[in-house]
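Written out below as structure tokens is the structure these notes cover.
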Number of protein chains: 2
Amino acid sequence: MKILIVDDDAELRSHLVDILNEEGYETDFASSGKEALEKCQAQTFDIVLMDFMMPKMSGNEALKELRKHHPRTKVIMITAFASVENAVDAIKNGASDYISKPFKIDDFLTTIRRVIEETKFENRVKKLDQDKAFNAIASPIRRNILTMLSDSGPMRLMEITRELGIEDHTKVVFHLKILKEATIIEQDNERVYGLSEAGYKTIECLKKMEQILLD
Amino acid sequence: MKILIVDDDAELRSHLVDILNEEGYETDFASSGKEALEKCQAQTFDIVLMDFMMPKMSGNEALKELRKHHPRTKVIMITAFASVENAVDAIKNGASDYISKPFKIDDFLTTIRRVIEETKFENRVKKLDQDKAFNAIASPIRRNILTMLSDSGPMRLMEITRELGIEDHTKVVFHLKILKEATIIEQDNERVYGLSEAGYKTIECLKKMEQILLD
DNA sequence: GTTTGTTGTGAATTAAACTTCACAGGTTGA
DNA sequence: TCAACCTGTGAAGTTTAATTCACAACAAAC
């Protein structure tokens with residue numbers, strides 16, 4: 001777990017770094033929003049801990065930029081105790097949580113841990129989705145279905161079945177179900193099968209792989 | 001099967017087009033090497049039939065260009081009867097076969113059919129290779145092995161086994177064998193496993209897919 | 001209103017992928 | 001030389017994926 005601490009107050013910054021190091025986290029720090037963005041460009045952090053109030057680029061601006069370019073790193077904002085609206089603002093802009101100054105070390109660590117758990121959980125879910133997608137495109141039949149849907153647009157069950165030259169339609173139903181569970185294809189209310197948003201991305205990948213593998 | 005006939009002699013050209021159409025092939029024609037390249041750019045041909053001797057861009061030049069930009073379309077050259085060295089030249093430059101002028105229609109068709117059979121065979125083999133590759137990357141374990149080899153360079157069996165946290169090394173052997181059969185990884189004479197040329201391409205694909213699927 | 005075609009479900013079977021186990025040759029180091 | 005480790009094979013067992021079959025709801029066509 002790599003954590004970046006961003007604060008213009010050198011004393012607080014190094015204090016937080018010490019605490020987190022003691023807990024076994026890998027840390028780095030930045031004294032401004034600009035420096036933080038540069039460090040995030042160079043390496044990948046799991047969590048960024050950022051002060052809301054900073055000179056020049058405000059924490060909120062840096063937050064927006066971060067979420068735009070590194071959607072997978074979580075941001076925790078440090079706000080002044082009084083300003084609830086700042087905290088709400090931060091959440092709206094994509095912060096995972098906020099900590100009000102002054103805070104107890106225990107509360108601080110609890111927040112960090114919770115966000116880490118959330119991150120881990122999200123990653124597990126994404127891994128599962130990925131596994132499904134890779135499995136879905138592992139079968140030649142399913143790849144055929146996908147390229148068909150890509151070339152000819154949405155199709156009905158029996159159209160697909162006949163185009164594939166398969167006699168038993170339940171076999172096709174089986175494969176369509178797998179593609180649907182992987183959210184690669186979807187069915188409209190008239191039961192027509194078509195590529196989903198993720199499906200178009202998958203097709204893109206497929207095309208690239210075929211091209212690369214065929215030469 | 002789409003065939004492109006390239007010849008500056010309009011009479012011979014339309015004669016060949018007629019013969020091939022009668023045989024049920026889809027045809028198109030061009031009167032110069034330049035025109036042929038343009039047509040190949042716009043659409044994909046399975047076979048290009050090209051006269052060796054043409055004004056301006058020679059058949060040989062056009063052949064080279066074609067092979068460079070469209071390695072999957074086969075080229076059959078038409079040469080003058082006397083010039084054996086031209087035929088040899090054509091083969092060296094990547095032509096699949098050649099036909100000496102004048103020729104009998106039967107011989108001509110036999111050559112066309114042979115090249116078509118070759119193409120079909122090659123495509124079947126490539127399809128099989130592709131299936132293997134997609135299967136190989138369908139397993140999370142094997143994807144882990146690939147990313148490990150990509151990140152850390154070549155590794156020995158037990159290094160891989162321990163890094164994966166697997167107790168039974170024969171399990172890893174099983175997966176390595178599949179990756180080896182898909183020619184994604186290879187073993188040097190000291191039994192160290194490393195990515196093959198196709199392996200690097202596969203990793204590239206994997207990275208792209210992961211990135212696309214994760215967002 | 002009966003037939004024909006479409007779109008499914010759920011259980012049973014078959015096939016393929018994966019794992020585990022027993023064993024064995026080869027190398028290294030004490 | 002003997003013990004410890006690495007690398008692997010082949011068979012048996014387990015699990016998962018894929019196919020086939022029997023059946024059914026629903027719609028359209030005759």
Side-chain angles (χ1 to χ4, degrees), chain A residues 127-149 152-196 202 206, chain B residues 127-149 152-196 202 206:
Chain A
K127 262 254 174 292
L128 284 178
D129 284 355
Q130 225 187 60
D131 284 1
K132 268 191 196 165
F134 276 114
N135 258 312
I137 63 169
S139 148
I141 294 181
R142 291 193 288 266
R143 287 202 300 279
N144 275 339
I145 293 176
L146 289 181
T147 48
M148 267 175 50
L149 288 177
S152 325
M155 292 171 81
R156 318 211 56 133
L157 167 62
M158 289 312 288
E159 288 184 88
I160 297 173
T161 306
R162 275 190 271 271
E163 185 76 23
L164 288 172
I166 291 173
E167 336 66 49
D168 186 352
H169 69 281
T170 66
K171 181 170 166 179
V172 179
V173 171
F174 168 81
H175 289 287
L176 287 170
K177 206 182 268 178
I178 289 177
L179 288 170
K180 225 164 75 179
E181 270 165 22
T183 64
I184 291 175
I185 63 171
E186 55 197 7
Q187 240 178 327
D188 65 11
N189 45 10
E190 269 152 358
R191 296 177 164 178
V192 178
Y193 292 96
L195 292 173
S196 69
T202 311
L206 267 185
Chain B
K127 263 257 174 290
L128 284 178
D129 283 356
Q130 225 188 58
D131 285 0
K132 270 191 193 164
F134 276 114
N135 258 311
I137 63 168
S139 149
I141 296 181
R142 291 193 288 266
R143 286 203 300 278
N144 275 338
I145 293 176
L146 289 181
T147 47
M148 268 174 51
L149 289 177
S152 326
M155 293 172 82
R156 318 214 56 139
L157 168 61
M158 288 313 286
E159 289 184 89
I160 297 173
T161 306
R162 274 191 273 270
E163 186 75 23
L164 288 172
I166 293 174
E167 336 67 50
D168 186 353
H169 69 282
T170 65
K171 182 170 164 178
V172 179
V173 171
F174 168 81
H175 290 286
L176 287 171
K177 205 182 267 179
I178 288 177
L179 287 169
K180 227 165 74 179
E181 270 166 21
T183 63
I184 290 175
I185 63 171
E186 55 196 6
Q187 241 177 328
D188 66 9
N189 46 9
E190 268 151 359
R191 295 178 166 179
V192 178
Y193 292 95
L195 291 174
S196 70
T202 310
L206 267 185

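Throughout, a chain's letter reflects where its sequence line sits, starting with A, and its residues are numbered from 1.
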**Message:** For B:Arg191 and B:Leu157: C-alpha separation, side-chain torsions, deciding distance, then whether side chain to side chain contact (heavy atoms under 4.5 Å, CB included) applies.
**Reply:** CA-CA 8 Å; B:Arg191 295 178 166 179; B:Leu157 168 61; over 6 Å; no

**Heavy-atom neighbours of A:Glu159 CD exceed 12 at 6.0 Å** = yes

**Prompt:** Are the side chain of B:Arg143 and the backbone of B:Ala138 linked by a donor-acceptor contact shorter than 3.5 Å?
**Reply:** yes

**Message:** Going 5' to 3' along DNA chain C, which are the first and last nucleotides with any atom under 4.0 Å from a heavy atom of chain B?
**Reply:** C:dC18 to C:dA22

**Prompt:** Would you say A:Arg142 reaches D:dA17's phosphate, i.e. side-chain N/O to OP1/OP2 under 4.0 Å?
**Reply:** no

**Request:** Could you tell me whether the side chain of A:Arg142 reaches within less than 4.5 Å of the side chain of A:Ile184, counting heavy atoms only?
**Result:** no

**Message:** Do B:Ile145 and B:Met155 make a side-chain contact, defined as non-hydrogen atoms from C-beta onward lying under 4.5 Å apart?
**Reply:** no

**Prompt:** Does a side-chain heavy-atom distance below 4.5 Å link A:Ile185 with A:Leu146?
**Reply:** yes

**Prompt:** When you measure from every atom of DNA chain C, which of residues 177-194 of chain A have a heavy atom less than 4.0 Å away?
**Reply:** A:Lys177, A:Gln187, A:Arg191, A:Tyr193

**Fill in**
In whole angstroms, the gap separating P of D:dA18 from CD1 of A:Ile145 amounts to 11 Å

**Asked** Could you give the NE2-to-P distance, from A:His175 to D:dA17, as a whole number of Å?
**Response** 12 Å

**Separation of D:dA18 C1' from A:Ile166 CD1 (nearest whole Å)** = 11 Å

**Item:** Stepwise side chain to side chain contact (heavy atoms under 4.5 Å, CB included) check, B:Thr161 with B:Val173
**Value:** CA-CA 9 Å; B:Thr161 306; B:Val173 171; over 6 Å; no

**Asked** Less than 4.5 Å apart, any side-chain heavy atom of B:Leu206 and any of A:Phe134?
**Response** yes

**Worked check of side chain to side chain contact (heavy atoms under 4.5 Å, CB included) between A:Lys132 and A:Thr183** = CA-CA 9 Å; A:Lys132 268 191 196 165; A:Thr183 64; over 6 Å; no

**Message:** Expressed as a whole number of angstroms, how long is the span from B:Lys171:NZ to D:dT7:P?
**Reply:** 18 Å

**Message:** Can you build the contact string for nucleotides 22-30 of chain D? Use B for base contact, S for sugar-phosphate-only contact, and - for no protein heavy atom under 4.0 Å.
**Reply:** B--------

**Message:** Could you tell me how far apart B:Asn135 (CG) and D:dA17 (C1') are, to the nearest whole angstrom?
**Reply:** 11 Å

**Request:** Give a yes/no answer on whether the side chain of B:Arg156 brings an N or O atom under 4.0 Å of OP1 or OP2 in D:dC6.
**Result:** no

**Asked** Got B:Leu164 and B:Met148 here, is their nearest side-chain heavy-atom distance under 4.5 Å?
**Response** yes

**Message:** By nearest atom, which of the nucleotides D:dA18, D:dC6, D:dG8 is closest to the B:Val173 side chain?
**Reply:** D:dG8

**Prompt:** For the pair made of CD1 in B:Ile141 and C1' in D:dT15, what is the distance, rounded to whole Å?
**Reply:** 13 Å

**Sub-4.5 Å side-chain heavy-atom contact between A:Asn144 and A:Glu163** = no

